[in-house]
Structures are given as structure tokens and as C-alpha cells.
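First up is the structure itself, then whatever we jot down about it.
Just so you know, these numbers come straight off a predicted model, no measurement behind them.
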Amino acid sequence: MADPKGFLTHSRREWPRRPVEDRVRDWDEVYEPGALLPIIESQADRCMDCGVPFCHEACPLGNLIPDWNDLVSRSDWRAASDRLHATNNFPEFTGRLCPAPCEAGCVLAINQPAVTIKNVEVAIADRAWQDGLAPPKPPDRLSGRTIAVVGSGPAGLAAAQQLTRAGHTVAVFERDDLPGGLMRYGIPSFKMEKHHLDRRLAQLEAEGVRFRTSVDVGRDMATAELRSRYDAVILAVGATAWRELNVPGRELTGIRQAMEYLPLANRACQGDLDVSPLSAAGKHVVIVGGGDTGADCLGTAVRQGAASVTQLDIYAQPGAERDELTEPWPTYPKIYRLTAAHEEAGELRTAPVAHADARLFAASTLRFTGDDEGRVKELHLVEVDAGRRPKDGTSRVLPADLVLLALGFSGPERGDGSPVGELGLKVDGRGALVRDARFGTSEPGVFAAGDAGRGQSLIVWAIAEGRAAAAAVDRWLTGSTRLPAPIGPYDRPMTA
């Protein structure tokens, strides 16, 4: 440790956000530019270099967190970058988008605020790019083996980079016009600006990864043909089969899925469209679903100039502190968290009928009603108890010109024209692809990585899946591997 008493002499300080009134006028990242580096060395000093660092266990990538905390506290950015990139292909993604289960597992968090691990991570990644410490690493020689990766989200990109660096020839197939998956067209720019993604994609291309965009495998190209042309195939297609809300009035115009709304907003933000055809401007918006996707819709609707925005969460409002009986340290607790979008909605009072942060907790949708032209105008809801049973006398009506369903996903798409349906791959009860202990599907030579096999999860698990699946494919092709495999296909986050 650079400072053995750092956790006693320095209080936790996080990367400050820009003022709400400024940031809701643009799509730039919410954080104050240049405000992280001046505080990050003292924040890294707070790491206690524990004898048993539970942050390692909480992070599926196995990030060497105390190591690079110590290096940052000593201003050794080159060594910190090397140590961070040894376990994480894309730390600038996780440093911005991951909810930081590592911080929940921080030993300091037993009785103090945790080390700002996520901020230290993104500071290292950004400094690495600034100082030229993340150059392409093409292989010394090629193996002659070819691999197709279907999907260019974090799992697919991690697998592609690992296998390319191992000497294999990798082609990534993406049905959208640009690679990146949900990081490009799902995650709003105010959470991660797209130049971070483009910079990594350029690095992968310089290493030899080939991108085949606007190719919808299963429709534009038969999956069986892909399998015959390549020595192995990795399906990293994500869990994009969205869940529905089957209540009366669902057929009304103006009720859309979150993943119909967010991609259009992203395309408008990136200049592909002059304006989103599904804009929230001037509308009363209700978001059904209390997770991160719902929060992304909230921040987007605020920036589009919605008349009001309310977010419904079927769960009761969690407490501000960890429940030590049900969610003891070092598990990731369900506590009240205020995202940047909720902060904005609260300060701007976008939902006067809801709590200060625009959320209505313990709220269940009963039905929708519309006007004479079949457009949604109202959402009827009721308060529910912990068993999701309606409470008498708690029904209410919200104005709703646009309803966004953010209810999560149930595995990869499985219909005609999808790789899963075309190959007849087995799925489990959750809709995820069935895999063996080496990430293999029911079709020989076809592997699954990321949410397609794990189910809806976090970006840090997706990158870990991509790295582990790459090691499995390398072993299957060559008989052995030197690639790291941080997790197995059946590993899950720590629970009590």
C-alpha cells in the first residue's frame, strides 16, 4: 500500500456529475470532464490491500483490483493499465456501465463507504488511451483456423479479440449497420459516448478482427452455411426476446417496447435520423419496469422534452442500507440507488404524481384505456404487496400518451430466421441456450457466450463470458489453450 492509513485519512469522493440543467440539454456523458483525475489517486489510496480481497470474488473477470489501486496511488499509470487489461478487454465500458458488484464486495464496505473501484478503473482506461498505452496487439503468426462470432456486443467483441490475439482468423457478424450491439443502439450516449466504442473497434480491426455488418445470420445467411465455412461458431446474440405485458388495452397505439424506443433515440443522437419517429417530446410518458433499461428510457425521455415521465417499479422501495440478514456482505444488495436519470427527473419534477425521483414503487399495471382513434391515453395501476397482490383502495390513473415496456428479456430470439431456431438448438426453462461445461451448445462446433447462454445479465459478466468462451473454443480447435477462462458457464453471482 502506498498509504496504509489512506482509508482513514481520505473520505469517499465520486466522479462529480455535471449540473442537471446543463446535462439534460445535450447527450454528452453526465460526468464533469476532467474532474476525476485530480481526486483519483487519493481515492485509490483508500484500498486496504486486504489479505483476502473479496472484490476479486465479486468481479467475474477476476480483476486484480488491489494491485491497480496501489499502482494508481503511486501514479504508475503504465503498470496499472497493464494489470487492468490483463483481465478486462474493455475497462472503459465497465467503468462507465457496470453497477460495480466489486464495490459491494469491498472489505472496507463492511463498516465504511467502499473504495470507488469503478472510478479508478475508468480513470486507468482513459489515461491508457490518453498516453498511448493501449496499442493493438496483433498475433505473431496465424493458426489457419477460422471462427465466426455472431453478435458484436461485449461478449462477442471480447471473444473475438481473445481468439484473434491467439492467432485465429475471426469474423464478427452483426445485423445492424455498425458493430457494438446494445452498447451502440441500446445504451444512451449520456451513459457512454460512442467514441469509446469506436476506439476499441478500431483496435480490434488493427489486430485483425473482420467485421461483417448488416448481415442478419439466419435471414441474410443461413446459419448452417456459416457453420460449414468456419471451423467454429460463437453465438453471442444476446437476450433480445423482450417480455410482454398482457393486460387489457395492450393493443393500443403508443405502447411500445423499450428496445424499440431506445435504438431510434440513439440513431437520432448519432445523426442517422433528423428526429426519432418515436420521440417523447411533449408527451406524458409512463415507463413500466424499474430496472436499468427503464432508467435509460427515463433519461432519454427527459432529454427529448417529455411533458411528464413516470417510472413504475413492481417492487417495494428498497432501503438505503444493506439488510444484513437477507443480503449480507459481500453479496450485491438491493438498495435504493439514485441513477443520473432519476436525479434529473427528481430535480426537474417530471412526475408530480410519483416519488421525488419519478418512480412509483410497488405499482402494478391493470389496464390501458385509449381515445376513439385507438391511441393510448391512460394507464390504470394498483399498489401491490410483497406477494404482488393488489391492495384495496389503491388504484389510480396516470395520463399516458407514450408507454414504454421495460420488463426484461427471456433469452435469444428463437423463431424462424434466427440461429437458434434454424439449428434447432436446445433452450432451458428461462429461454437461454443450453450449454455444456465448455460453452458448447447442442450443435457440435457451435458455442454460446454472453446473455444468449447466461440470460439477461451485466456487462462485466458478458465480457467474462466472452473471454471464457474464447478459451473453450481455442481448446476445442487446438487441444489446449493459454487463454484465461475467468468463469464457467454455470457460475453465478454470490448470493446469501
Side-chain angles (χ1 to χ4, degrees), residues 57-61 93-94 97-101 104 149-159 175 181-183 185-187 218 233-245 257-259 262 288-296 313-315 327 331-334 405-415 418-421 423-443 446-470 472 485-496:
E57 181 66 24
C59 175
L61 284 166
F93 301 168
T94 50
L97 304 176
C98 180
V149 177
V150 184
S152 64
L157 293 180
R175 63 183 176 184
L182 291 183
M183 291 187 295
Y185 293 124
I187 301 295
V233 174
I234 299 177
L235 297 180
V237 294
T240 56
W242 52 58
R243 293 193 177 99
E244 261 297 345
L245 182 63
Q257 288 285 346
M259 289 312 301
L262 289 172
V288 183
D292 288 341
T293 303
D296 292 345
D313 190 334
I314 199 167
Y315 295 102
E327 297 175 313
T331 62
Y332 188 74
K334 183 176 177 58
L405 305 181
L407 300 169
F409 305 90
S410 59
E413 296 167 24
R414 300 181 289 278
S418 71
V420 177
L423 294 177
L425 301 179
K426 295 180 180 178
V427 297
D428 61 21
R430 301 172 299 121
L433 290 171
V434 172
R435 304 182 291 184
D436 60 25
R438 295 185 177 182
F439 292 86
T441 68
S442 54
E443 176 73 17
V446 179
F447 300 79
D451 289 2
R454 175 167 295 276
Q456 185 180 351
S457 189
L458 306 177
I459 185 172
V460 68
W461 280 93
I463 297 172
E465 283 255 341
R467 289 171 66 87
I487 59 171
Y490 313 130
D491 290 343
R492 292 295 182 267
M494 288 187 294
T495 57

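Using a 4.5 Å heavy-atom threshold, the side chains of Ile463 and Leu61 count as touching. Within the 4.5 Å cutoff, the side chain of Leu458 has heavy atoms near those of the Pro99 side chain. Counting heavy atoms from C-beta outward, Lys334 and Tyr315 have side chains that approach closer than 4.5 Å.
A salt bridge links Arg430 and Asp428; the closest N-O separation between the charged side-chain nitrogens and carboxylate oxygens is under 4.0 Å.
Panel note: side chain Thr331, backbone Pro333; no donor-acceptor pair is recorded below 3.5 Å. The main-chain N or O of Ala496 is never found under 3.5 Å from a side-chain atom of Glu327 such that the two would form a donor-acceptor pair. One N or O on the side chain of Arg454 and one on the backbone of Asp491 form a donor-acceptor pair closer than 3.5 Å. Between the Ser442 side chain and the Leu425 main chain, no donor and acceptor come within less than 3.5 Å of each other. No donor-acceptor pair under 3.5 Å is formed between the side chain of Glu413 and the backbone N or O of Ala241.
The two residues Ala464 and Pro486 come nearest to each other via the heavy atoms O-CG, 3.7 Å. In terms of heavy atoms, Ala470 sits closest to Ala159 at CB-O, 3.8 Å. Shown here for Ala468 and Phe439, the closest heavy-atom pair between the two residues is CB-CZ, 3.5 Å. The two residues Arg414 and Val427 make their nearest non-hydrogen contact at CD-CG1, 3.9 Å. Ala469 and Ala449 make their closest contact through CB-CB, 3.7 Å (heavy atoms, listed as atom of the first residue, atom of the second, distance). Here the closest non-hydrogen pair linking Gly450 and Ala155 is CA-CB, 3.7 Å.
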**OP:** Starting from the C-alpha separation in whole Å, work towards a yes-or-no answer on side chain to side chain contact (heavy atoms under 4.5 Å, CB included) for Lys426 and Leu433.
**Re:** CA-CA 6 Å; Lys426 295 180 180 178; Leu433 290 171; over 6 Å; no
Original post:
Do Thr441 and Val434 pass the side chain to side chain contact (heavy atoms under 4.5 Å, CB included) test, and can you show the C-alpha distance, the side-chain angles, and the key distance before you say yes or no?
Top reply: CA-CA 6 Å; Thr441 68; Val434 172; over 6 Å; no
Subject >> salt bridge (Lys or Arg N to Asp or Glu O under 4.0 Å) between Glu465 and Arg435, worked out >> reply: CA-CA 12 Å; Glu465 283 255 341; Arg435 304 182 291 184; 2.6 Å; yes
Original post:
What's the verdict on side chain to side chain contact (heavy atoms under 4.5 Å, CB included) for Ile487 and Trp461, showing C-alpha distance, side-chain angles and the deciding distance?
Top reply: CA-CA 9 Å; Ile487 59 171; Trp461 280 93; 3.8 Å; yes
**OP:** Report the C-alpha distance between Phe93 and Ile459 in whole Å, list the side-chain angles of each, state the deciding distance to 0.1 Å, and finish with yes or no for side chain to side chain contact (heavy atoms under 4.5 Å, CB included).
**Re:** CA-CA 8 Å; Phe93 301 168; Ile459 185 172; 3.8 Å; yes
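Note that the CD atom of Glu57 and the CE atom of Met494 stand 5.5 Å from one another [nearest 0.5 Å]. Atom CD of residue Gln456 and atom CZ of residue Phe409 lie 6.0 Å apart, to the nearest 0.5 angstrom. Remark: Ser152 OG to Arg175 CZ distance equals 10.5 Å, nearest 0.5 Å. Annotation: the span from Thr240 atom OG1 to Asp451 atom CG amounts to 9.5 Å, rounded to 0.5 Å. Taken from OH in Tyr490 to CG in Asp436, the straight-line distance is 5.5 Å, to the nearest 0.5 Å. We find the OG1-CG distance between Thr293 and Leu262 to be 7.0 Å, quoted to the nearest 0.5 Å.
Heavy atoms from other residues, nucleotides or ligands lying under 6.0 Å from CZ of Arg438 number 12 at most.
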